[in-house]
**Student:** 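Supplied in structure tokens, the structure appears directly below.
Computed from heavy atoms alone, side chains included, the values below leave out hydrogens, waters and symmetry copies. First the proteins, then the strands, lettered A, B, ... as listed; each starts at 1.
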Amino acid sequence: GENVEQHPSTLSVQEGDSAVIKCTYSDSASNYFPWYKQELGKRPQLIIDIRSNVGEKKDQRIAVTLNKTAKHFSLHITETQPEDSAVYFCAASLSGGYNKLIFGAGTRLAVHP
Amino acid sequence: SQTIHQWPATLVQPVGSPLSLECTVEGTSNPNLYWYRQAAGRGLQLLFYSVGIGQISSEVPQNLSASRPQDRQFILSSKKLLLSDSGFYLCAWNKGAETQYFGPGTRLLVL
């Protein structure tokens, strides 16, 4: 079946450093790629998304890049802050309708003061 | 604006007991609805989705079932819970676009 691989599974950075999380998807028909942030015990919250007709998108300290040829997309967080500590999930849309998403396994990001 | 509710927030149930979790969406009509399970420290597994009243699709064979008795209501059920049913159950919705928005979740512990 289709899948999304996400790396690394854990990431530890110092406050102010950058963090990069990478995902690879298998469904060549995927055309929508959201990123969610989940704080401990809370629901996943959408932080940024990108569609296949765009190569890069930025929102303040967060950016996402997409390489459709290689089926890779990445989340970049600059000037990390302790409140960025959370689990981040990437996802890719599935072909076949119904707006289904397939999620990566998650990356636990720890930002140390 | 749209909001999504889930209840109960937490639930502790004995093995073999029944289960009913409810999800409702406000502020929209005919949404797509989804049930996910998240085991401790793990990712999101899609269990069921629904595109309309009475229309349920199952993603994985399991001990659970889903129903959609009303347009904005989605219910997750089990007749007999297993230990492996423990987890964080999330309901999500979308409409007209792929972006899914999650409810606050129900934390289920089966003992």
**Student:** For B:E98 and A:S93, work out which heavy atoms get closest and say how close.
**Tutor:**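 Taking every non-hydrogen atom into account, CG-CB, 4.4 Å.
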**Student:** Are A:I50 and A:L94 joined in one hydrophobic group, where the rule is that I, L, V, M, F, W and Y side chains link up if heavy atoms are under 4.5 Å apart?
**Tutor:**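 Linked within one cluster.
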**Student:** Where does A:P44 contact chain B at under 4.5 Å (heavy atoms): side chain, backbone, both or neither?
**Tutor:**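 The answer is both parts of A:P44.
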**Student:** Are B:I53 and B:Y49 connected in a single hydrophobic cluster, I mean Ile/Leu/Val/Met/Phe/Trp/Tyr linked by side-chain heavy atoms less than 4.5 Å apart?
**Tutor:**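 Different clusters.
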**Student:** When you group the ILVMFWY residues by side-chain heavy-atom contacts below 4.5 Å and let the links chain together, are A:Y88 and A:I62 in the same group?
**Tutor:**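 Yes, one cluster joins them.
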**Student:** Heavy-atom cut-off 4.5 Å, strictly under: side chain, backbone, both or neither for B:F102 against chain A?
**Tutor:**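 Both backbone and side chain of B:F102 come within 4.5 Å of chain A.
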**Student:** Go through A:K42, A:K100, A:R51 and name the one with the most non-hydrogen pairs under 4.5 angstrom from chain B.
**Tutor:**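 Going by pairs under 4.5 Å, I would pick A:K100.
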**Student:** Please flag which part of A:Q38 lies under 4.5 Å from any non-hydrogen atom of chain B: side chain, backbone, both or neither.
**Tutor:**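 Looking at A:Q38, just its side chain touches chain B.
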**Student:** Quick one: do A:Y36 and A:I47 end up in the same hydrophobic cluster if we chain Ile, Leu, Val, Met, Phe, Trp and Tyr together by side-chain heavy atoms under 4.5 Å apart?
**Tutor:**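 Result: no, two separate clusters.
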**Student:** At a 4.5 Å cut-off on heavy atoms, which part of B:L46 comes close to chain A: side chain, backbone, both, or neither?
**Tutor:**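 Contact with chain A is through the side chain of B:L46 alone.
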**Student:** Just wondering, more than 12 heavy atoms not from B:R42 lying within 6.0 Å of its CZ?
**Tutor:**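 Not more than 12 within 6.0 Å, no.
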**Student:** Verify the neighbour count for atom CG of A:L40: are there more than 12 heavy atoms of other residues, nucleotides or ligands below 6.0 Å?
**Tutor:**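 Atom CG in A:L40 is not crowded, with 12 or fewer foreign heavy atoms closer than 6.0 Å.
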**Student:** If you look only at distance, which donor and acceptor atoms sit under 3.5 Å apart when one is on a side chain in residues 1-16 of chain B and the other is two or more places apart or in another chain?
**Tutor:**
residue, atom, partner, partner atom, Å
B:T3, OG1, B:E26, OE1, 3.3
B:Q6, OE1, B:C91, N, 3.0
B:Q6, OE1, B:G105, N, 3.0
B:Q6, NE2, B:Y89, O, 3.0
B:Q13, NE2, B:S17, OG, 3.4
B:Q13, NE2, B:P18, O, 3.1

**Student:** May I ask you to check whether over 12 heavy atoms, not counting those of B:Q55, lie within 6.0 Å of atom CD?
**Tutor:**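 Atom CD in B:Q55 is packed in, count exceeds 12.
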**Student:** What residues of residues 30-39 of chain B sit under 4.5 Å from chain A when only non-hydrogen atoms are counted?
**Tutor:**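 Residues B:N32, B:Y34, B:Y36, B:Q38 are the ones that qualify, each having a heavy atom under 4.5 Å from chain A.
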**Student:** Flag yes if more than 12 heavy atoms outside A:E83 fall under 6.0 Å of its CD atom; otherwise flag no.
**Tutor:**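 Result for CD/A:E83: enclosed.
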**Student:** Is the number of heavy atoms from other residues, nucleotides or ligands within 6.0 Å of NZ (A:K68) greater than 12?
**Tutor:**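 Yes - once you tally the heavy atoms of other residues, nucleotides and ligands closer than 6.0 Å, there are more than 12.
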**Student:** Based on non-hydrogen pairs under 4.5 Å, which of B:S50, B:S57, B:A92, B:G43 is most in contact with chain A?
**Tutor:**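 Result: the option with the highest number of such pairs is B:G43.
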**Student:** Measure distances from A:L101 to the heavy atoms of chain B and classify the residue's part below 4.5 Å as side chain, backbone, both or neither.
**Tutor:**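 Backbone plus side chain of A:L101, per the 4.5 Å heavy-atom cut-off to chain B.
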**Student:** How long is the straight-line distance from OG1 of B:T99 back to CG of A:D49, given to the nearest 0.5 Å?
**Tutor:**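 Rounded to the nearest 0.5 Å, the CG-OG1 separation comes to 5.0 Å.
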